[in-house]
Amino acid sequence: MLDIKRLRNQPDELRQAIGRRGVEVPLDEFNELDRQRRQVLVEVEEKKAIRNRVSGEIAAAKRAGEDAAGMISDMKKVGEEIKALEIVLRDIEGRLEDIVMELPNPPLPDVPTGRDESANITLRTFGEPTMFAFEPKAHWDIGADLGIIDQERGTKVAESRFTLLRAEGARLERSLINFFLDLHTREHGYTELFPPILVNSDSMRGTGQLSKFAGEEMYKLRDDDLYLNPTAEVPITNLYRDETLPEEQLPIRVTAYLPSFRREAGAAGRDTRGLIRQHQFNKVELVKFVRPETSTQELESLTLDAEEVLKRLELPFRTVTLCTGDLGFASAKTYDLEVWLPSYDDYKEISSCSNFLDFQARRLNIRYRSGGGKPRFIHTLNGSGLAVGRTFAAVLENYQNEDGSVTVPQVLREFMGVDRIG
RNA sequence: GGAGGGGUGGCGGAGCCUGGUUGAACGCACCGGUCUUGAAAACCGGCAGGGGCCUUGCGGUCCCUCGUGGGUUCGAAUCCCACCCCCUCCGCCA
């Protein structure tokens, strides 16, 4: 959520920055509502001040045994006026909030301007697209032939876009999770968490998953105010909602493995085969809570932490800077990691690392106190480290052999116990 | 799920029955000062968050907030209703 004061004090700067995303700031409407709000607010507060003062006088009069009937009836009238004005005020504030909540985070200056993903900029690449001396198979065929991915039975038990993993498949999934978590906790300094997989609507709203526009994407429980976790960002970033953290605690860097669930309501026909787009998928998430001054460099290190996973797996990938048109609503800057996927003959997103600045923290009310000063909003960042299902697919496809077997990447062998599947 | 108790400032803990200088006693922690060679102790002072207006600034002033949301009242931390959360006992259970 945008700082309403910035909208007042630096409207042109914001209009320009947000305009780079192709979003127009309704400044005239905002200014008019903001003016009205202040006008009504002043009026209400003046009346309240009168009521408070006279109520004190009534108390004094009664104590002195004097008659206060006149003052009481006057205040009764003032009270009614206050009530009426407050209704007006609430309406104005509601409309003001609608405007502010619909405004996305202004992109950082070094984010390239562009309409869609074609304007993203490749920052660096690792390895080369895998070459095969034979006709490579897609991971869904590799997995089915090896008996480690069972799409039919996943669908039988749940519905389409659910998958059953079997034997080395199940083991590979677990190995990836363990490898990711071990790397981030032992070498990158993250603290491991295991949060609830169901989250309430306050948490969903806090990270913006339940805005006016989003909401059909989540699985909601019928009898409780709870949702299946759509991304580990939700339970983790909400950890410190409504808290003021001591400065010494920052930065806080946490990682968590968490199953994630999405209805993929708008994705009919997209990525229908294989593990790329599932209703249920595993993810290891990286989240940071940092001092504002450090968030720029924390995004760089967060991205490198995610990249390291792919490097150790020796999977070809590239890192791209998202342009303004491809940037998520709450993000001020995002790097996507894209892994080479032979079946797509292209790079496919496997991690998204974002700096939200204080945009999330403001809505979540997460602050820190530095020295004896006033609390300030912290900055939050997150990134996948990595999406497990997509990594699974990338391993199968990039490590497949002509005989249909799959070589286990070196770093996974201690977890898998074998150096080859099939 | 049943019964009872409780949610107050960074923490502890009064106030609630009997509504009225209680944004909140008192203690601790913290910050500043006096004292001291230094420190501790002692003493003095400060010490919640948000918002509006005024002010170059220092600051001043008003409003809101005692789990959340409604209600009663001239006036609510105090009374009423709903919801949320925590604790104890019982039940159930991986």
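Quick note on labels: first sequence line is chain A, next is B, and so on, each numbered from 1.
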For this session: Give L41(A) one of three labels, base, sugar-phosphate or nothing, depending on what nucleic acid heavy atoms sit under 4.0 Å from its own.
Result: sugar-phosphate
Exercise. Can you tell me how far C1' in rG52(B) sits from the matching atom in rC47(B), rounded to whole Å?
Worked result: 24 Å
For this session: Determine which nucleotide pairs with rC93(B), using a 3.5 Å limit on both distances of a Watson-Crick or G-U wobble pair.
Result: none
Exercise. Do the ring planes of F162(A) and H279(A) sit parallel (below 30°), tilted (30 to 60°) or perpendicular (above 60°)?
Worked result: tilted
For this session: On RNA chain B, check which nucleotide each of R38(A) and M71(A) is closest to and give me the residue with the more 5' one.
Result: R38(A)
Exercise. Please, which pairs that meet ring-ring contact (aromatic ring centres under 6.0 Å, His included) have at least one residue in residues 280-303 of chain A, sequence neighbours excluded?
Worked result: Y240(A)-F289(A)
Exercise. When you compare rU72(B) with rA14(B), how far apart are their P atoms, in angstrom units rounded to a whole number?
Worked result: 32 Å
For this session: Under 4.0 Å between any heavy atoms, over every strand shown, what does R8(A) touch: base, sugar-phosphate, or nothing? Just pick one.
Result: sugar-phosphate
Problem set entry | Assigned partner base of rG32(B), Watson-Crick or wobble definition, under 3.5 Å | rC44(B)
Atom pairs and distances, side-chain donor-acceptor, residues 68-88 of chain A, under 3.5 Å, sequence neighbours left out:
from: S73(A); atom 1: OG; to: G70(A); atom 2: O; distance (Å): 3.1
from: E81(A); atom 1: OE1; to: K47(A); atom 2: NZ; distance (Å): 3.1
from: E86(A); atom 1: OE2; to: K48(A); atom 2: NZ; distance (Å): 2.8

Problem set entry | Check against side-chain hydrogen bond (donor to acceptor under 3.5 Å, both in side chains), S405(A) and R420(A) | CA-CA 7 Å; S405(A) 66; R420(A) 182 185 172 89; 2.9 Å; yes
Exercise. If you look at every heavy atom in P259(A) and N282(A), which pair is closest and at what distance?
Worked result: CA-OD1, 3.6 Å
Exercise. Expressed in whole Å, how much space separates the C1' atoms belonging to rU21(B) and rC80(B)?
Worked result: 27 Å
Exercise. Between E397(A) and K348(A), is there a side-chain N and carboxylate O pair less than 4.0 Å apart?
Worked result: no
Exercise. What's the verdict on side chain to side chain contact (heavy atoms under 4.5 Å, CB included) for R35(A) and R38(A), showing C-alpha distance, side-chain angles and the deciding distance?
Worked result: CA-CA 5 Å; R35(A) 190 192 61 75; R38(A) 259 177 290 189; 5.9 Å; no
Problem set entry | Interatomic distance at P, rC43(B) relative to rC28(B), whole Å | 9 Å
Problem set entry | rA76(B) versus rG67(B) - spacing of their P atoms, nearest Å | 15 Å
Seminar exercise, completed: 5'-most contact on RNA chain B (nearest-nucleotide basis), K5(A) vs A60(A), goes to A60(A)
For this session: Kindly assign one of parallel, tilted or perpendicular to the pair Y190(A) and H188(A), based on the angle between their ring planes and the thresholds 30° and 60°.
Result: perpendicular
Exercise. Where does the chain A footprint on RNA chain B start and end, counting 5' to 3' with a 4.0 Å heavy-atom cut-off?
Worked result: rG20(B) to rG75(B)
For this session: Scan every strand shown for a Watson-Crick or G-U wobble partner of rC53(B), both distances under 3.5 Å, and answer none if you come up empty.
Result: rG60(B)
For this session: Would you sort out whether M218(A) and R263(A) count as a side chain to side chain contact (heavy atoms under 4.5 Å, CB included), showing the intermediate values?
Result: CA-CA 6 Å; M218(A) 317 315 161; R263(A) 297 186 59 233; 5.9 Å; no
For this session: Could you give the distance separating rG50(B) and rG9(B) at their P atoms, to the nearest angstrom?
Result: 16 Å
Exercise. Taking the six-membered ring for Trp, are Y368(A) and F377(A) ring centroids under 6.0 Å apart?
Worked result: no
Seminar exercise, completed: What residues 45-54 of chain A contributes to the RNA chain B interface at heavy-atom separation below 4.0 Å is E45(A), K48(A), A49(A), R51(A), N52(A)
For this session: Identify the heavy atoms of A332(A) and P106(A) that sit nearest to each other, and give their distance.
Result: CB-O, 3.7 Å
Exercise. How would you list all residue pairs meeting salt bridge (Lys or Arg N to Asp or Glu O under 4.0 Å) that involve residues 170-194 of chain A, not counting sequence neighbours?
Worked result: D182(A)-R186(A), E187(A)-R312(A)
Seminar exercise, completed: Within residues 78-91 of chain A, the residues having a heavy atom closer than 4.0 Å to RNA chain B are K83(A), R90(A)
Exercise. What distance, rounded to whole Å, do you find between the two C1' atoms, one in rG23(B) and one in rA48(B)?
Worked result: 9 Å
Problem set entry | Same-atom distance (C1') from rU68(B) to rC85(B), integer angstrom | 10 Å
Exercise. Whom does rG4(B) pair with, Watson-Crick or G-U wobble, provided both distances fall under 3.5 Å?
Worked result: rC87(B)
